[in-house]
K.L.:
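Here's a structure for you.
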Amino acid sequence: MKEYLTLTQIQNDLRDGSLTCTQLVNHYLERIAFNAHLNAFVDVYMIEAQQAALLVDKRISDGTAGRLAGLVIGIKDVLALKGHGLQAGSQILDTYKSPFTATAVQRLLDEDAIVIGRQNCDEFAMGSSNENSSLGIVLNAADNSKVPGGSSGGSAVAVQAGLCHASLGSDTGGSVRQPAAFCGVVGVKPSYGRISRWGLIAYASSFDCIGPITKSVEDAALLIEIMAGSDEFDSTVSTRSVPEYSKVSDWNGKARIGYVRETIESEAISPEIRQNTLDVLHRLKALGHEVRSVEMPLLKHLLPTYYILTTAEASSNLSRFDGVRYGHRSSEAVDLESLYKRSRTEGFGDEVRKRILLGTYVLSANYYDAYYTKAQRVRRLVREETERFFDQFDFLISPVTPTTAFTIGEKTEDPLQMYLADIFTVQANVVGNPAISIPNGTDESGMPIGIQVMAPFFEEEKMFSFAKYLTFINKRNHLETAN
Ligand code: GLN
């Protein structure tokens, strides 16, 4: 089967009869089986996907098919699909089946997308390497000794390895963009409140966003367009109308682009990523765009702010997993207190336990003001600093990650090094702005590098338009250097 970069290409072939959804689904099922060692999927919905394919094929011939006919998608194990398992990579939800479907997923289904399975991720989306999943590690398809990134590691690898056309992940601090960068695919975090979180297992509710992982900017824009918009089940979703993101054309005209020199030039970044990022900035400048470096002194406080606030929210969100209402219940319990304690101790992995403890600590009476309140203040200051930035610029460009995908096991003993993997991605979640990660070449050993474009709040149209343009000039450059 030929490699399809966009859904439009698939739909052209479906329309002219050279391809059927059944063939597509069977192709992906074969790829999933053949690549089982990658451990990208934790559950494959074979029969259902085949049945859905027959139905969509019929709708195509009847002329009644939805806008996503031909899209075979995988969903991260934090998104609810009625009647299916949902465990956020955790043993605490080992037997849980979802009684309803997430709004975002339902909107895709309503347009005839086919869900092929549930994808591996870090437990409760806490991690940057997929090594925190209780369902096993996921391997990067470009080099099986490397991590895929996290927490949406299975979702990124599934697109990278052609096991499905697109995936849905969730991004609280970079979990869509960072694995997309590690796997050489496109990943988008929309503005906070653009897409309903109903049916997404909560990690840190004021940060969590659902986002697509795809092979093209065009497909990511289309998926966001279909998922976005108000939802009576989630009061934090914006009621702003949803533009036709899928119709935006390549950016034309001059863009004002800012970058933070001290982060790009920092010693912590791999020289190849630094060079690739600077090359893009030089190219943009040569094409007549305004490219300037700026200072953002508050950026150094981003990671502490992020980890204080997200662990606080997580400790509260995860209190519902008590052995009574959901999932795993310890058989050793003798009274109510030991039921809570044992069920939670048996059900949660180390990283999740650590974050619940940290979160409980920063919310405790004696430390609340010193940590939680202070971090909220810093969050507001970072937001203001970011707003001031966007008064002067259209886009903030940075690398997505300081290094390419690292070796499995390399950072598991060093949580600070692991947390540093998110240094460029957390800002968008702390402030709520949209950001996209697109491929930007590879390092010496062939591992993918990503580049990130952040746009003003709710200006996804602008972001997609510029990302398309950037993809185009990057491709042109790689072709020229190859010749
Ligand atoms: N790696 C970050 C964390 O562990 C981000 C996770 C995410 O975006 N879900 O918190």
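Both ligands and their constituent atoms are indexed starting at 1 by order of listing. Both backbone and side-chain heavy atoms feed into the values below; hydrogens, waters and symmetry mates do not.
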K.L.:
Which pair of heavy atoms, one from A180 and one from V186, lies closest together, and at what distance?
P.N.:
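Taking A180 first and V186 second, the nearest heavy atoms are CB-C, 3.9 Å.
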
K.L.:
Which parts of the protein, at residue level, reach under 4.0 Å of ligand 1 through a heavy atom?
P.N.:
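These residues qualify: A125, M126, G127, S128, S151, D171, T172, G173, G174, S175, Y203, Y306, Y307, R355, D422.
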
K.L.:
Charged N to carboxylate O below 4.0 Å: is that the case for D350 and R353?
P.N.:
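Looking at D350 and R353, the cut-off is met.
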
K.L.:
Do T6 and D219 get their side chains close enough for a donor-acceptor pair, meaning under 3.5 Å?
P.N.:
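Side chains of T6 and D219: no pair found under 3.5 Å.
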
K.L.:
With a 3.5 Å cut-off and no angle check, do the side chains of T373 and D369 form a donor-acceptor pair?
P.N.:
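Their side chains do contain a donor-acceptor pair, which is all the 3.5 Å distance test asks for.
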
K.L.:
Could you list the residues that satisfy side-chain hydrogen bond (donor to acceptor under 3.5 Å, both in side chains) with T311, not counting sequence neighbours?
P.N.:
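T311: no side-chain hydrogen bond (donor to acceptor under 3.5 Å, both in side chains) contacts found.
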
K.L.:
Quick one: do R355 and E351 make a salt bridge, cutoff under 4.0 Å?
P.N.:
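E351 and R355: salt-bridged.
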
